[in-house]
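We use all heavy atoms of the structure for the numbers below, so side chains are in, but hydrogens, waters and symmetry mates are not.
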Amino acid sequence: MRKRVNFNLRSSNDIKVDKEQKRTTESGTEIKVCYYPEDIAGLPREVPGAFPYTRGVQSDMYRGRLWTMRQYAGFSTAEESNKRYHYLLSQGVMGLSVAFDLPTQIGYDSDHILAEGEVGKVGVAIDSLEDMEVLFRGIALQQVSTSMTINSTAMILLAFYVALAKRQGADLSMITGTIQNDLLKEYAARGTYIYPPKPSMRIITDIFEWCSRELPKWNTISISGYHIREAGSTAVQEIAFTLSNGKAYVKAALEKGLDIDVFGKRLSFFFNAHNNLFEEVAKFRAARRMWAHIMKDLGAKDPKAMMLRFHSQTGGSTLTAQQPMNNIARVTIQGLAAVLGGTQSLHTNGYDEALSLPTEAAAKIALRTQQVIGFESGATDTVDPLAGSFYVEALTLETERLATELIDRIDAMGGAVVAVEQGFMQEEIARSAYVFQREVESGERIIVGMNKFQSDERSDTPVMHIDDSIRVEQMQKLAALRARRDAAKVKICLDRIFTAAKGSENLMPFVIDAVEHLCTLGEISDELRKVFGEYA
């Protein structure tokens, strides 16, 4: 007969902690040695799939359907990226995620002098509709969900995509996917902006308006905390700044007269997943709850317009060039955190991405990591499996409290646009990045293989190289395109964009017409530069 054990649920105040044992999350929240029921006293009973969605946006979550498994890919030419997409689809990827090179991101054609040395390097070079057609050759756009990480030129890339879908004979009402289209975080953290904030907000809301009519299943923005975190923010800052930016976009759309219950359902978010598993899970849970209340306060009545749906990606800045195979373990922990936190879509990084763009072999391991989590770990068997953990619930509450305080400070300044213009977000991120780096260099924060447990062996990890000859190839394509297109129609299309930008008409139809007449990305961007100027 087993001996009965009497459990003594002691108060956390009964436990004495030596100062040397003090631990904090990456956001600086002090972690107790142990958590008890009183640490989450008064916590309401919440149901998955119901307001405020802390426990997930679906009642059955992954029991009904797994998250969309994406692999972020794009490099070199459209031809080379197309080969990678077909490979990924053959390996079980459920949605494509496109990376564009730097000239494409900031509105320069490959033959522009400022594009030299950058064409095809950090993503694929897309100058025209013909490049987009090659990029998706053999892929039916109506049959695949595509995410495009593009911001300043999001309207133009979306126009390329729509024009290609029309060429394929697709039903635009059935096209699904996402454009990032989040300019505020570019000013705060990433830097691939072109125009000043106010005209950028106009472009964003024009996309909202056009898609609500013509592309109803398309996610018109992916409000991104990912790059804020990559720039050095804490988890708390990541969701506070991201949700503040989200409020600014919603208010801009409301001022344009759009229906929050229509466009609100097409808003999505993009978050980072770092190594502290429990803090990351708490972050995702808190963000959902906070956004539900924000949207309700702004006037949303449709439950779907209050849901925070998000894509997540494992932390690029957490990967090390030293002992790169260790990155497989990091990516696994981060991917698991995203799944336990209720992500709708996930990209897992290749182990070699601190060295180069991911090789095909590294991309395959990254995808298999997701598949192992989905089909072998048991993490998908029940909804919100960490709910009820005294630690996770207390951390969710504290994350929400701290993030709400930051949002209130931003609101007091006049909102996210003003906070960016005044440099508030930039300074806060820089301060957190400095603290983190100081802790790494002092050894207070351990990075395995980098500042502790080092080894002398040289890495023989194969890396991907992108040849500079790609620019020459793209320049030749552009020259041939310009020689055979109708120059008179091109001029008419560009003039119409200029006139529309000076007025208040929705720009999207004019941009679609221009790309269908083979105007290039750089030419369209330049017309908008003439009207809006460039942000410095």
Side-chain angles (χ1 to χ4, degrees), residues 68-89 91 93-108 110 115 117-127 131-132 134-137 139 144-154 156-158 160-161 164 177-182 185-186 189-193 219 222 224 226-227 229-230 268 270-272 311-317 319 331 345-360 362-364 366-367 370 463-467 470-471 474 521:
T68 300
M69 296 182 188
R70 298 186 185 275
Q71 285 305 117
Y72 188 45
F75 56 90
S76 185
T77 61
E79 290 89 347
E80 289 302 311
S81 290
N82 177 261
K83 292 177 186 176
R84 176 66 65 88
Y85 295 154
H86 279 284
Y87 170 75
L88 291 170
L89 288 168
Q91 295 300 307
V93 158
M94 299 151 67
L96 298 177
S97 190
V98 185
F100 298 97
D101 73 356
L102 195 56
T104 302
Q105 292 181 49
I106 56 178
Y108 294 123
S110 296
E118 292 292 344
V119 175
K121 290 294 178 68
V122 298
V124 61
I126 299 294
D127 295 317
D131 284 336
M132 186 67 93
V134 173
L135 185 67
F136 290 100
R137 182 177 291 156
I139 299 171
V144 67
S145 170
T146 303
S147 173
M148 295 188 281
T149 302
I150 196 69
N151 296 282
S152 295
T153 54
I156 303 170
L157 269 300
L158 179 59
F160 285 151
Y161 198 83
L164 177 57
T178 304
I179 43 172
Q180 194 161 102
N181 195 28
D182 175 7
K185 68 95 175 46
E186 294 295 322
R190 191 162 176 263
T192 62
Y193 45 74
N219 295 326
S222 179
S224 177
Y226 183 86
H227 304 97
R229 190 68 176 281
E230 290 293 284
S268 66
F270 176 23
F271 289 121
N272 212 313
H311 169 70
S312 49
Q313 180 176 338
T314 56
S317 62
L319 304 181
V331 169
S345 170
L346 176 61
H347 163 81
T348 36
N349 288 332
Y351 66 84
D352 55 358
E353 289 191 55
L355 300 166
S356 72
L357 292 172
T359 60
E360 190 171 285
K364 182 177 180 180
L367 174 60
Q370 290 201 52
V463 297
M464 180 183 291
H465 295 285
I466 305 297
D467 195 274
I470 289 163
R471 182 170 187 250
Q474 285 297 113
L521 174 134

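Expressed to the nearest 0.5 Å, how far CD of Glu118 lies from CG of Asp101 amounts to 8.0 Å. Separation of atoms CG (Asn181) and CG (Asn151) is listed at 7.0 Å; rounding is to 0.5 Å. Note that CZ of Arg70 is 6.0 Å distant from OG1 of Thr178, once rounded to the nearest 0.5 Å. Atom OG1 of Thr314 sits about 8.5 Å away from atom CD of Gln370, to the nearest 0.5 Å. How far CE of Met148 is from CG of Leu96: 11.0 Å, rounded to the nearest 0.5 Å. Remark: Asp131 CG to Leu164 CG distance equals 11.5 Å, nearest 0.5 Å.
Scanning both residues, Tyr226 and Gly316, for their nearest heavy atoms gives OH-N, 3.1 Å. Closest of all the heavy-atom pairs between Pro103 and Leu521 is O-CD2, 4.3 Å. Between His227 and Ala189, the closest heavy-atom pair is O-CB, 3.7 Å. Between Ala363 and Leu88, the closest heavy-atom pair is CB-CD2, 4.4 Å. The minimum heavy-atom distance between Thr104 and Ile126, with the atom names listed, is OG1-N, 3.2 Å. Counting all heavy atoms, side chain and backbone alike, Ala154 lies closest to Ile179 at CB-CD1, 4.2 Å.
Using a distance-only test at 3.5 Å, with no hydrogens or angles considered, a donor-acceptor pair links the side chain of Asp352 to the main chain of Thr359. Side chain of Asn82 to backbone of Leu135: a donor-acceptor contact under 3.5 angstrom is found. Judged by distance alone, with hydrogens and angles left aside, the side-chain atoms of Arg471 form a donor-acceptor pair with the main-chain N or O of Ser110 at under 3.5 Å. With Ser312 contributing its side chain and Ser345 its backbone, the two residues share a donor-acceptor pair below 3.5 Å.
Of the candidates Glu230, Gln313, Arg229, Glu230 is the only one forming a side-chain hydrogen bond (donor to acceptor under 3.5 Å, both in side chains) with Asn272.
The ring pair (Phe, Tyr, Trp, His ring centres under 6.0 Å) search around Tyr85 returns none, not counting sequence neighbours. Partners of Glu186 under the salt bridge (Lys or Arg N to Asp or Glu O under 4.0 Å) rule, at least two apart in sequence or in another chain, are Arg190. Judged as a ring pair (Phe, Tyr, Trp, His ring centres under 6.0 Å), and not counting sequence neighbours, Phe75 has no contacts.
Residues Thr192 and Leu102 are in side-chain contact: their nearest non-hydrogen atoms beyond the backbone lie under 4.5 Å apart. Proximity of His86 to Ile139: side-chain heavy atoms (C-beta onward) are separated by under 4.5 Å at one or more points.
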Worksheet entry | Verdict with supporting geometry, Leu319 and Leu355, side-chain contact (heavy atoms from CB on, under 4.5 Å) | CA-CA 9 Å; Leu319 304 181; Leu355 300 166; over 6 Å; no
Fill in: Criterion side chain to side chain donor-acceptor pair (under 3.5 Å) on Gln71 and Thr348, from CA distance to verdict
CA-CA 7 Å; Gln71 285 305 117; Thr348 36; 3.1 Å; yes
Discussion item. Determine whether Ile470 and Glu80 satisfy the following criterion, side-chain contact (heavy atoms from CB on, under 4.5 Å), listing intermediate values before the conclusion.
Written reply: CA-CA 11 Å; Ile470 289 163; Glu80 289 302 311; over 6 Å; no
